[in-house]
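All chains are named by letter (A, B, ...) in the order of the sequence lines, taking the proteins before the strands, and each is independently numbered beginning at 1. Just so we're clear, the structure is a prediction, and the values are computed from it rather than from any experiment.
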Protein chains: 2
Amino acid sequence: MAQSSQKINMADVARAAGVSMATASRALNNENGVAEATRRRVLAVAEELSYVVSPEASRLAGGDTGRVAVVVPHISRWFFAALLEGLESVLRAADLDVLLYHVDGIEDRHDFFHRLPARRKVDAVVVLAFPVGEEEQRRLGLMGVTIIAAGGQHAPYPNVSINDETAGRQAMDHLLFLGHRRIAMIAAVDPDQPDEVQPSGRSNAYYAALRDAGIPLDERLVVTVDWGGDQGADAMAKLLSRPEPPTAVYAHSDEVALGAIRTLRRAGLRIPEDLSVIGIDDHPVAELTDLTTVRQPVREQGELAGRMLLSILRGEETEHDVVVPTQLVIRGSTAPPRS
Amino acid sequence: MAQSSQKINMADVARAAGVSMATASRALNNENGVAEATRRRVLAVAEELSYVVSPEASRLAGGDTGRVAVVVPHISRWFFAALLEGLESVLRAADLDVLLYHVDGIEDRHDFFHRLPARRKVDAVVVLAFPVGEEEQRRLGLMGVTIIAAGGQHAPYPNVSINDETAGRQAMDHLLFLGHRRIAMIAAVDPDQPDEVQPSGRSNAYYAALRDAGIPLDERLVVTVDWGGDQGADAMAKLLSRPEPPTAVYAHSDEVALGAIRTLRRAGLRIPEDLSVIGIDDHPVAELTDLTTVRQPVREQGELAGRMLLSILRGEETEHDVVVPTQLVIRGSTAPPRS
DNA sequence: TTCGGCAACGGAAACGCTTCCGAAACGACC
DNA sequence: GGTCGTTTCGGAAGCGTTTCCGTTGCCGAA
């Protein structure tokens, strides 16, 4: 049976149903202008012949592509993958296909915006945690498709994200509340992102929190590193070598925090007895390593972005900036400072 | 300049290059029968106009889609994401677009193979770490496209993977070499995969290693759990409650190992002084947590699969089963048993 | 009876490419 | 110089839909 499904096209269906192709097309697409009886007949014949439209021909002749491009700077890092997972789930539920574009590093990035490989291939593009510069926005613009963003900072496009400064404050306030006053910060930046962007709300939170608590800033307690756990380990080593080491460390991400912890453990320090460490994100391993952190709903951000896109595609209005809440998760890596 | 790029098609390119569409098409597709000079001119013009072929038209007219579907059971777990990352990188370098299909859970899985959403949309499908059953193979078959696999076990399709049993042996042999004789195993299975598959080489390795070492099997030392770190933690608790607890734990994955370690630490046990733990995979956090493990090159498997696919698509012959080597990575979670 | 209007439907022109087939150009070789 | 084989290239026929315009038939109103 299945093998006989050779090459039936709409013309065959139309003929078998005794109508013109125009009518067949309208019936199949549930457009109006077709008598109910006729529609049913066409549908029945189509089913009988197990006919499916050719997406290419359909698109060529004027329909949508039914595809959306997703641009991500990283795939194998949990945060990005989780975002993607959320997005994909709602898009595919809506029968949209997801075209994945991994833009890795500055060169690839340039190439992407230059060649616009997704051009003419999709109905929309969503940029995941991917700050786009001015010029890049212009380039994207000439694809002439809907654009939305997720997981990054606010953008000129409809977008969903968290408030980094709030998240940072939740972490810092927790440390402060426990009584810490010598708090270090390991700030992380993504070397793949152009410098122009990243006004780091997570850093601002640190400064603001100290100021509000009346604690003078000690520049030697903040270290900035490229993203990554190893970097976190190095940063911690640096911090440990300060004349007056901190009693707590605020890391911009859980991975960095984990790196810091490794250094601490190797140095024979106990956590949280000797030193408290807090991260941000609530990476799955945070739970496995008893790391106190600030959770952000990652998959949900992806899903939200997906729904947003769907309504835009349907021509509905949507919010422009949606911000999802973060939440302090207290686990075993933080405690009051030692007497 | 760029904004005038509204609707350029191959006819425009041909005209601008002073050739016919036939020639333009041949040049763009790197077919032969075109003078080198001509080809270069066409390519230059195309670049200049930032032209990209319409996949629909191309496909409709008989060419291929330039797209490949990637089917994954999970996205946000490191292993799968890394595989995907490797694959995507080589595919995109070859100017192939990647259509991502996340098949999540048994229901979704059924739906996927039933509806075959990728049908008529791609030139090939690669299944990532995704054992496919007999019936599913049949369904896939009637898509009539190339199929390859990566990151799973051997398959009826060309595929790349590691030897799970070898990997397991490397882990076990390390423990044995250190002098451990009471070794526990925490076996992990993926609840999303049908039971029929998964003949777990990682488990076989455990039994074989013990046998070869002349150590009698103690059933109470093996616990099987669903995949996931929390499960690992529970399993470890169970192991700890045994009358004669193990001196070392062999976990099927790093995540599971991490879960086990959390339980150990919470119980006040030190690693590796009181107990050794070894995992498999070399998840990035393994390095951050000083976990001894057996590394498998994940991204590389994805890349390999990609190259394999490319040559098949080019009509070349390739190996059917390629197996990549694994390697013991000794870090701080294993040591000789206490006295 | 005639006519305007409307719903249902058909003809045929795109849509943007690939590819078959034949023409032209160019050497090489007798 | 003529013949033949290669290359290189152009004309044009599809590929399977959608959609713009018409046409037809029918009903109610004038």
Side-chain angles (χ1 to χ4, degrees), chain A residues 5-43 45-46 49-67 117-123 143-144, chain B residues 5-43 45-46 49-67 95-97 119-123 144 313 315:
Chain A
S5 63
Q6 275 307 41
K7 282 159 179 302
I8 35 176
N9 52 31
M10 191 178 284
D12 297 321
V13 175
R15 196 174 320 118
V19 297
S20 71
M21 279 192 55
T23 300
S25 172
R26 281 185 284 251
L28 261 351
N29 291 344
N30 243 305
E31 290 175 8
N32 44 19
V34 187
E36 196 45 38
T38 311
R39 173 191 319 267
R40 255 202 292 277
R41 183 154 33 94
V42 173
L43 258 24
V45 171
L49 269 48
S50 84
Y51 162 81
V52 288
V53 304
S54 154
E56 350 284 336
S58 172
R59 161 60 172 160
L60 221 212
D64 291 327
T65 66
R67 275 175 241 133
R119 157 177 262 165
R120 297 170 113 223
K121 297 181 184 170
V122 297
D123 298 331
M143 282 184 59
Chain B
S5 62
Q6 275 307 37
K7 280 160 179 306
I8 35 175
N9 50 31
M10 189 178 283
D12 297 321
V13 175
R15 197 173 320 118
V19 298
S20 71
M21 278 192 57
T23 300
S25 172
R26 281 187 283 251
L28 261 352
N29 290 341
N30 245 306
E31 289 175 10
N32 44 20
V34 186
E36 196 45 37
T38 311
R39 176 193 315 275
R40 256 201 291 276
R41 182 153 34 91
V42 173
L43 257 24
V45 171
L49 269 47
S50 83
Y51 163 80
V52 290
V53 305
S54 155
E56 348 285 338
S58 173
R59 166 70 164 152
L60 223 210
D64 33 38
T65 65
R67 280 176 234 132
D95 257 314
L96 286 176
D97 285 315
R119 159 178 253 163
R120 298 175 109 200
K121 295 182 185 168
V122 296
D123 299 331
L313 252 25

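For B:Asn9 (side chain) and B:Ala11 (main-chain N/O), a donor-acceptor pair under 3.5 Å exists by modelled atom type. Listed for the B:Arg120 side chain is a donor-acceptor partner under 3.5 Å among the backbone atoms of A:Val52.
Of the two residues contacting DNA chain D, namely B:Gly33 and B:Leu60, the nearest-nucleotide position lying further toward the 5' end is that of B:Gly33. Closest-nucleotide positions on DNA chain D for A:Ala11 and B:Val34 were compared, and the one nearer the 5' end corresponds to B:Val34.
Heavy atoms from other residues, nucleotides or ligands lying under 6.0 Å from CG of B:Asn32 number 12 at most.
Considering only side-chain atoms of A:Glu31, the nucleotide from C:dT18, D:dT17, D:dT19 that sits closest is D:dT19. Listed nucleotides: C:dG11, D:dT18, C:dT19. Nearest to the side chain of B:Arg26: C:dT19. For A:Ala57, the side-chain atoms get nearest to D:dT17 when compared with the rest of D:dT18, D:dT17, D:dA12. In this structure, of D:dC9, C:dT18, D:dG16, it is D:dC9 that holds the atom nearest to the side chain of B:Ala35. Ranking D:dG10, D:dG16, C:dT18 by closeness to the B:Met21 side chain, first place goes to C:dT18.
Phosphate proximity of C:dA8 to A:Thr23: absent, as no side-chain N or O sits under 4.0 Å from OP1 or OP2. Note on B:Ser58: a side-chain N or O is less than 4.0 Å away from OP1 or OP2 of C:dT18. An OP1 or OP2 oxygen of C:dC9 is reached within less than 4.0 angstrom by a side-chain nitrogen or oxygen of A:Thr38. Contact check, A:Asn32 against C:dA7: no side-chain N or O comes under 4.0 Å of OP1 or OP2. For A:Ser20 and C:dG11, the shortest distance from a side-chain N or O to OP1 or OP2 is not below 4.0 Å. Taking side-chain N and O atoms only, B:Asn9 has no distance below 4.0 Å to OP1 or OP2 of C:dC15.
For the pair A:Arg59 CZ and D:dT19 P, the interatomic distance rounds to 11 Å; values are reported in whole Å. Taking atom CD of A:Glu36 as the reference point, atom C1' of C:dA7 lies 14 Å away to the nearest angstrom. Between A:Ile8 atom CD1 and D:dT17 atom C1' there is a gap of 15 Å when expressed in whole angstrom units. What separates CG of A:Leu28 from C1' of D:dT17 is a distance of 11 Å, to the nearest Å. In this entry the distance linking CG of A:Asp64 with C1' of C:dC15 reads 15 Å, nearest Å. Following rounding to the nearest Å, A:Asp12 (CG) and D:dG16 (C1') show an atom-to-atom distance of 11 Å. Atom pair B:Met10:CE and C:dT19:C1' shows a separation of 12 Å (rounding to whole Å applied). Computed from coordinates, the A:Arg40 CZ to C:dC9 C1' distance equals 18 Å when rounded to whole Å.
As judged by a 4.0 angstrom heavy-atom cut-off over every strand, A:Val52 is placed among residues touching the sugar-phosphate backbone only. Using a 4.0 Å heavy-atom cutoff across all strands shown, A:Ser25 reaches at least one base atom of the nucleic acid.
Side-chain contact between B:Val42 and B:Val34 is absent, with no heavy-atom pair separated by less than 4.5 Å. Under the 4.5 Å side-chain criterion, counting only non-hydrogen atoms from C-beta, B:Val13 is not in contact with B:Ile8. Side-chain contact between A:Arg59 and B:Arg59: absent, with no pair of heavy atoms (C-beta onward) separated by less than 4.5 Å.
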